[in-house]
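Side chains included, hydrogens not; waters and symmetry mates left out as well; all remaining heavy atoms used. Numbers restart at 1 for each chain; the letters A, B, ... are given by sequence-line order, proteins then strands.
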Amino acid sequence: MKFQSPRGTEDVLPSDSYRWVHLETTFRRIASQFGYLEVRTPTFEDTNVFLRTAGDTSEVVTKQMYTFIDKGDRSITLKPEGTAGVVRALIQGNLIQQGKVLRASYITPIFRYERPQKGRLREAHQFGLECIGTQNVRADAEIIIATHAFYEAIGIKSTVVKVNSLGQEECQSRYRQVLLDFAMPLLSEGTPEALEAARKNPLRLLDSKDPAMIEALAKAPSILDYLEPESKGRFDELQRLLTGAGVPFEIDPKIVRGLDYYSETVFEVQSTLLGSQSALCGGGRYDGLAKELGGPVTPSVGVGMGVERALIVLEELGVELPRLAEPVYVGAMVDGGIDAAEEVARTLRRTGRSALLDFEPRKAPKLIARAEEAGAQWLVLIGEDELASGSAAVRNLQSREQVVVRREEVAQWFAHSSR
RNA sequence: GCGGGUGUAGCUCAGCGGUUAGAGUGCCUGACUGUGACUCAGGAUGUCGGGGGUUCAAGUCCCCUCAUCCGCCCCA
């Protein structure tokens, strides 16, 4: 019986894993440069963790969760997003204290039961940053600046961050009504489902792709006109901070986000290279979330970045990512030389090099070909002559230059003579 | 969850009712008994995604199913 990976999941094979490693390494570097410490939380949580936070109107929660009852009769859900689990863990660990700012980062799989497409999987991976415990708008800016720094670092240059403000609860509810009124003539002609969806979350009307809806809402006011003075002030300040930090952004009142817990600042980085999907990452402020999880009121802001989506964009852009350190390929041309080759490999490893031993004796052209396949820059080979004289031939596969070195000095030779 | 496309050798694809299923490329072996892209000579590989049906005959037609891609939806 032959099996394949479940629908909407992907294997990362050896030929590709270096790309993942590079992204993870870069993310960890950026996170650490901003002082965000990594947290790891379970892959699954009590279903209520997500029901309480992501909102019972969001599509993610109502239709896309991987939920099941375990043998202890508990309702369990594979996490559909990263933030709720992290906040739950910080509350549980008593790390949230008034007046203290916590900076946390994470790398996690996320699960959503959706129809797979380019850039949309059932198991995907996210890098996330959360700045927890402050209302200061500088935290909002910091998250966006770090996000931008990450994309620059991996080679997705000139991203534009789309920012918006959803204001406070009162502002949002007033604006929802306004939107609904604008859309109602059109909605009443449409399907009952669409009407119901619009009632539940009118803000989502804003990113509709239906031309008629876009036209109907063209005359609708922007949510930005409904912001309280305080929210307006925050948003202006955020823009000043981003400008100061040299982060390109544009204001987009259509950014509303799919999870219900956001207020005030929301943002996305989008790309047209993702097919039918658009968001490379998304984030915003979630001041009410911790309280929903039984913790203290804890104003916070964060971002979740899609790993697979970043990889797609890098691929489309033709960005070459650095490979892991190339090994030195070590082989012998005669059976009796393999012991000697193994010994050379061992000494190379002791000095921090990676060495790849060929288990079989092969003729020189074959060894060279195998070494190239393995991604090696160097070949150390031992033939009959070398075996007899206690030496080894060291060949640079790029320049095709070759020198003969005494076997016990190969490691030192690499330490001093190779670049 | 809705609509559409695709699924033949490791990879890219041809074959569109009729003998033992093909090409290019890659791979393996050898020409060259110690040095890389060429040349030459051999060689291996396919449950034609899976199941069922129609037919004298199916990779080719029909149905179901799985996977994948595109649009809608959703968003990482």
Among pairs that include at least one residue of residues 245-258 of chain A, which meet side chain to side chain donor-acceptor pair (under 3.5 Å), considering only residues two or more places apart or in two chains? A:R257-A:E268
Counterpart residues, side chain to side chain donor-acceptor pair (under 3.5 Å), relative to A:H148 (two or more places apart): none
Suppose we screen for side-chain contact (heavy atoms from CB on, under 4.5 Å). Which residues come up paired with A:T351, at least two apart in sequence or across chains? A:R353, A:A411
If the sugar-phosphate is the primed atoms plus P, OP1 and OP2 and the base is the rest, what is the B/S/- string for nucleotides 24-31 of chain B, using protein heavy atoms under 4.0 Å? ----SS--
Expressed as a whole number of Å, how far does the C1' atom of B:rC2 sit from that of B:rG18? 40 Å
Both distances below 3.5 Å, Watson-Crick or wobble geometry, any strand: find the nucleotide opposite B:rA23. B:rU12
Any base atoms under 4.0 Å from A:E401, or only sugar-phosphate, or nothing? Heavy atoms, all strands. nothing
Going by distance alone, is a donor N or O of one side chain under 3.5 Å from an acceptor N or O of the other, for A:S263 and A:E169? no
Between B:rG43 and B:rG22, how far apart are the P atoms? Round to whole Å, please. 15 Å
Residues 311-331 of chain A, side-chain donor-acceptor partners within the protein, below 3.5 Å, at least two apart:
from, atom 1, to, atom 2, distance (Å)
A:E316, OE2, A:K118, NZ, 2.9
A:R323, NH2, A:Y18, OH, 3.4
A:Y329, OH, A:D358, OD2, 2.7

Could you measure between the two P atoms, the one in B:rA9 and the one in B:rG15, and give it in whole Å? 15 Å
Protein-proximity profile, nucleotides 70-76 of chain B, B/S/- by nucleotide at the 4.0 Å heavy-atom cutoff, equals SBBBBBB
Identified pairing partner of B:rU29, criterion: Watson-Crick or G-U wobble below 3.5 Å: B:rA41
The salt bridge (charged side-chain N to carboxylate O under 4.0 Å, His left out) partners of A:E409 (sequence neighbours excluded) come to A:R406
Would you please name every residue forming a ring-ring contact (aromatic ring centres under 6.0 Å, His included) with A:F68, sequence neighbours left out? none
Residues at least two apart in sequence or cross-chain that pass ring-ring contact (aromatic ring centres under 6.0 Å, His included) with A:Y175, listed by chain then number, are A:Y226
Contacts of type side-chain contact (heavy atoms from CB on, under 4.5 Å), residue A:E386, not counting sequence neighbours: A:I382, A:S391, A:A393
Rounded distance in Å between the P positions of B:rG53 and B:rG59: 14 Å
Pick base, sugar-phosphate or nothing for A:L397, based on heavy-atom distances below 4.0 Å to the nucleic acid. base
Can a donor-acceptor pair under 3.5 Å be found between the side-chain atoms of A:R400 and the base atoms of B:rU35? no
Give A:G8 one of three labels, base, sugar-phosphate or nothing, depending on what nucleic acid heavy atoms sit under 4.0 Å from its own. sugar-phosphate
Mind checking the C1' distance from B:rC48 to B:rA23? Whole angstroms is fine. 16 Å
For the pair A:R122 (side chain) and A:E114 (backbone), establish whether a donor and an acceptor sit closer than 3.5 Å, ignoring hydrogens and angles. yes
So if I take residues 19-36 of chain A and measure heavy-atom distances to RNA chain B, which residues fall below 4.0 Å? none
Please enumerate all residues that pass salt bridge (charged side-chain N to carboxylate O under 4.0 Å, His left out) together with A:R138, with sequence neighbours excluded. none
